[in-house]
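Notes follow the structure.
Residue numbering restarts at 1 for every chain, and letters A, B, ... go by the order of the sequence lines.
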There are 2 protein chains.
Amino acid sequence: MFKPLDPLLHSELRLAVMSLLISVDEAEFPYIKQQTGATAGNLSVQLDKLATAGYIAIEKTFKGKKPCTLCRVTPVGLKAFEDYVAALRTYLNVKPDTTQQT
Amino acid sequence: MFKPLDPLLHSELRLAVMSLLISVDEAEFPYIKQQTGATAGNLSVQLDKLATAGYIAIEKTFKGKKPCTLCRVTPVGLKAFEDYVAALRTYLNVKPDTTQQT
DNA sequence: ATTATTTGGTTTATAAAATAAACTTGTTTA
DNA sequence: TAAACAAGTTTATTTTATAAACCAAATAAT
């Protein structure tokens, strides 16, 4: 009836990161931080978890003299995201709304 | 960009319970337990949280001589669920569901 | 009748997660 | 040269989720 939800994606910040990376294809740490509103520490931890799972690839480069952490989603990550959304739908499939609104 | 997700609903079991109660309108503890596959302890805790938030109403009655815990979703709970779904959509970057199945 | 089992839960303990605070390393800027 | 800043990481703390242990009443077995 209810499909289990991938715990790695069922997290507000990680889901936001994945959603963002899917839409932009690649993004730098400060940009992700700004878009998600996360603290650097929290973001660092969650990016690590996503990378460890193989859902994103993290490339550490330099931009001039500044370090630059570049992230992008992997095919595995994209698949996991799609599966997660499909699973989530089993929880959201509620009968059409009959209540009146403004 | 990403709307915050109500932490009370962003939980696999509580979301399943809400989804179930919305679809059936009212249900007894053992039925919810069976449908969600939760352990009794976990279910008891999560039902309490939902009730404390006013998302569900719990009525303790008797069915013959057996105690019977009856749950139903409240208008507040239904609204919260709808808001949660709307917020979730900001993460799924999928246009409002046109795909209708079966 | 007494003991064992089942039903319908609740309470408590523990493992896992999320999150922010504190810290590090190197770079500009005053 | 010292102070502030940028880009993160590491560590500590608080929450959460979850199951294990427990309880009370009813029913079934001996």
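Residues K3(B) and T90(B) have side chains that never bring a donor and an acceptor to within less than 3.5 angstrom of each other.
The interatomic distance linking N42(A) (CG) with dA7(D) (P) rounds to 18 Å, in whole Å. Atom CG in D48(B) sits about 7 Å away from atom P in dT11(C), given to the nearest Å. Remark: C1' of dT27(D) and NZ of K65(B) are 9 Å apart, rounded to the nearest angstrom. Look at CG on L43(B): it is 16 Å from C1' on dA20(D), rounded to the nearest Å. Rounded to whole angstrom, the span from the CG atom of L8(A) across to the P atom of dA16(C) amounts to 15 Å. Following rounding to the nearest Å, E12(B) (CD) and dA16(C) (P) show an atom-to-atom distance of 17 Å. We find that CG of L15(B) is positioned 16 Å from P of dT16(D), with the value rounded to whole Å. The CZ atom of F62(A) sits 9 Å away from the P atom of dG8(D) (whole-angstrom rounding).
Residues K66(A) and A40(A) both approach DNA chain D. Their nearest nucleotides, taken by heavy-atom distance, put K66(A) toward the 5′ side. When each of C68(B) and H10(A) is assigned the nucleotide of DNA chain C bearing its nearest heavy atom, the one mapping closer to the 5' terminus is C68(B). Taking the nucleotide of DNA chain C with the nearest heavy atom to each of G64(A) and V45(B), the more 5' of the two is matched to V45(B).
Contact check, S44(A) against dG8(D): no side-chain N or O comes under 4.0 Å of OP1 or OP2. Contact annotation: R14(B) reaches the phosphate of dA17(D) (side-chain N/O to OP1 or OP2, under 4.0 Å). Considering only side-chain N and O atoms, K49(A) lies under 4.0 angstrom from the phosphate OP1 or OP2 of dA18(C).
Listed here is the closest heavy atom pair of T74(B) and G54(B): OG1-O, 2.6 Å. Considering all non-hydrogen atoms of both residues, L78(B) and V73(B) come closest at N-CG2, 3.9 Å.
We find the NZ-CG distance between K79(B) and D83(B) to be 3.5 Å, quoted to the nearest 0.5 Å. Here the CG atom belonging to L20(B) is positioned 9.5 Å from the CD atom belonging to Q34(B), to the nearest 0.5 angstrom. Distance check: D6(A) CG to Y84(A) OH gives 8.5 Å after rounding to the nearest 0.5 Å.
DNA chain D lies under 4.0 Å from at least one heavy atom of each of the following residues of residues 19-39 of chain A: F29(A), P30(A).
Q46(B) comes within 4.0 angstrom of a base, heavy atoms only. Counting any heavy atom pair closer than 4.0 Å across all strands shown, K60(B) reaches sugar-phosphate atoms only and no base atom.
Taking the six-membered ring where tryptophan is involved, the planes of H10(A) and H10(B) are essentially parallel, since the angle between them stays under 30° and well short of 60°.
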